[in-house]
There are 2 protein chains.
Amino acid sequence: MREPLPRDMFDPACPSSMVPFQIGDKWAGMVLVCLADGPRRFSELRVPMYRVSAKVLTETLRALERDGMISRTAYDEIPPRVEYAITDLGRTLFPAMEACRAWALEYLPAVEQARASYAQRSA
Amino acid sequence: MREPLPRDMFDPACPSSMVPFQIGDKWAGMVLVCLADGPRRFSELRVPMYRVSAKVLTETLRALERDGMISRTAYDEIPPRVEYAITDLGRTLFPAMEACRAWALEYLPAVEQARASYAQRSA
DNA sequence: CTGTATCCGACACGATACTG
DNA sequence: CAGTATCGTGTCGGATACAG
């Protein structure tokens, strides 16, 4: 017997409804990976994430800081130095991220194949 | 000893770089959950996903179909009937989705707390 | 160096009307 | 019923210039 659908996929009582917004951020995962084995400076992060503008990287870092995923430490020096570090809470995301990574590794070829087949059928 | 950062987080050779786009879709996960225990019609899906317009739901379904996550079956009847079903490939996403769900369940309270603390500090 | 301010274009999305 | 077409709006994000 098939269950009826839930009435409301956006029910605030269901924490999963927040998943797309909470851990679905486009660049947050990359930042966390970059911080995995030690604090990094803003300019250090800009290198591997060169496709993201300074503005968006800043916004991403602020959001991660606000949510307790990373910490921001500004040193009173000239020139200024700021270091971002992942928090314990931030590290708790790694298992879920690893699950996503493992999925991509295993099934991306199948997805490519499905896309090719779909393009074929559409043509 | 700390590893140097990767040079390019967007390296196409790394399947993980596709994760934000492949499984980071805002509504795809909800659709798959809705299809978990049987095929559903378009209008059935609209109910729990009432915040998503027909246009966007259609786009989401098309993308999922293109990627081989769901199948679309149109019956030649009047009035028309179309059924969407999850594929075996689509089901392979569930473990990763479950990992995200479990994370949200466990750590969302900590995030809320971090947000409150951040708001406090900013005030 | 680590950002912020401003402008602007592209695109995502909803609302509405319409079709087979 | 299951969409598509069109339009208007809002947000995302890059580029550039500038500040502390």
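If you're wondering where the values come from, they're calculated on a predicted model, not measured in any experiment. So that the names make sense, note that chain A is the first sequence line, chain B the second, and so on, each numbered from 1.
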List the atom pairs, donor and acceptor, that lie under 3.5 Å between side-chain atoms in residues 30-39 of chain A and the rest of the protein, sequence neighbours left out.
{"residue": "A:Asp37", "atom": "OD1", "partner": "A:Arg40", "partner atom": "NH2", "Å": "3.4"}

Which atom pairs, donor and acceptor, lie under 3.5 Å between side-chain atoms of residues 116-123 of chain B and protein residues at least two apart or in another chain?
{"residue": "B:Ser117", "atom": "OG", "partner": "B:Arg121", "partner atom": "NH1", "Å": "3.0"}
{"residue": "B:Ser122", "atom": "OG", "partner": "B:Tyr118", "partner atom": "O", "Å": "2.9"}

Practice problem: Sorted by first residue and then second, give each salt bridge (Lys or Arg N to Asp or Glu O under 4.0 Å) pair with at least one member in residues 52-72 of chain A; sequence neighbours left out. | Solution: A:Asp67-B:Arg115
Show which side-chain atoms of residues 7-20 of chain B pair as donor or acceptor with protein atoms under 3.5 Å away, not counting sequence neighbours.
{"residue": "B:Asp8", "atom": "OD1", "partner": "A:Tyr50", "partner atom": "OH", "Å": "3.3"}
{"residue": "B:Asp8", "atom": "OD1", "partner": "B:Phe10", "partner atom": "N", "Å": "2.6"}
{"residue": "B:Asp8", "atom": "OD1", "partner": "B:Asp11", "partner atom": "N", "Å": "3.3"}
{"residue": "B:Asp8", "atom": "OD2", "partner": "A:Tyr50", "partner atom": "OH", "Å": "3.1"}
{"residue": "B:Asp11", "atom": "OD1", "partner": "B:Ala13", "partner atom": "N", "Å": "2.9"}
{"residue": "B:Ser17", "atom": "OG", "partner": "B:Asp11", "partner atom": "O", "Å": "3.4"}
{"residue": "B:Ser17", "atom": "OG", "partner": "B:Cys14", "partner atom": "O", "Å": "2.8"}

Self-check item: Set of residues satisfying side-chain contact (heavy atoms from CB on, under 4.5 Å) with respect to A:Arg41, sequence neighbours excluded
Solution: A:Ser43, A:Glu44, A:Arg81, A:Glu83
Counting only pairs under 3.5 Å, give me each side-chain donor-acceptor contact of residues 100-109 of chain B, with atom names and distances, residues two or more places apart or in other chains.
{"residue": "B:Arg101", "atom": "NE", "partner": "B:Glu98", "partner atom": "OE1", "Å": "2.9"}
{"residue": "B:Arg101", "atom": "NH2", "partner": "B:Glu98", "partner atom": "OE2", "Å": "3.1"}
{"residue": "B:Trp103", "atom": "NE1", "partner": "A:Thr92", "partner atom": "OG1", "Å": "2.9"}

Quiz item: Within this structure, what is the CG-to-P distance between A:Asp25 and D:dT11, rounded to whole angstrom?
Solution: 17 Å
Quiz item: Reading nucleotides 2-9 of chain D from the 5' end, what letters show protein touch, with B for base, S for backbone sugar-phosphate only, - for no heavy atom under 4.0 Å?
Solution: SSS-B---
Self-check item: Gap between atom OG1 of A:Thr60 and atom CG of A:Leu64 - 0.5 Å precision
Solution: 7.0 Å
Exercise. Quick one: which residue pairs count as a salt bridge (Lys or Arg N to Asp or Glu O under 4.0 Å) with a foot in residues 13-28 of chain A, not counting sequence neighbours?
Key: none
Quiz item: Where does the chain B footprint on DNA chain C start and end, counting 5' to 3' with a 4.0 Å heavy-atom cut-off?
Solution: C:dC13 to C:dG20
Practice problem: Rounded off to whole Å, could you give me the NZ-to-P distance for the A:Lys26 and D:dT11 pair? | Solution: 16 Å
Quiz prompt | Distance, nearest 0.5 Å, that separates CD1 of A:Ile86 from CE of A:Met69 | solution = 9.0 Å
Quiz item: Could you give all pairs that pass the ring pair (Phe, Tyr, Trp, His ring centres under 6.0 Å) test and reach residues 51-94 of chain A, with sequence neighbours left out?
Solution: none
Quiz item: Between the two ends of the helix from C:dC1-D:dG20 to C:dG20-D:dC1, what is the bend in degrees, rounded to 10 degrees, where each end axis spans five pairs?
Solution: 40°
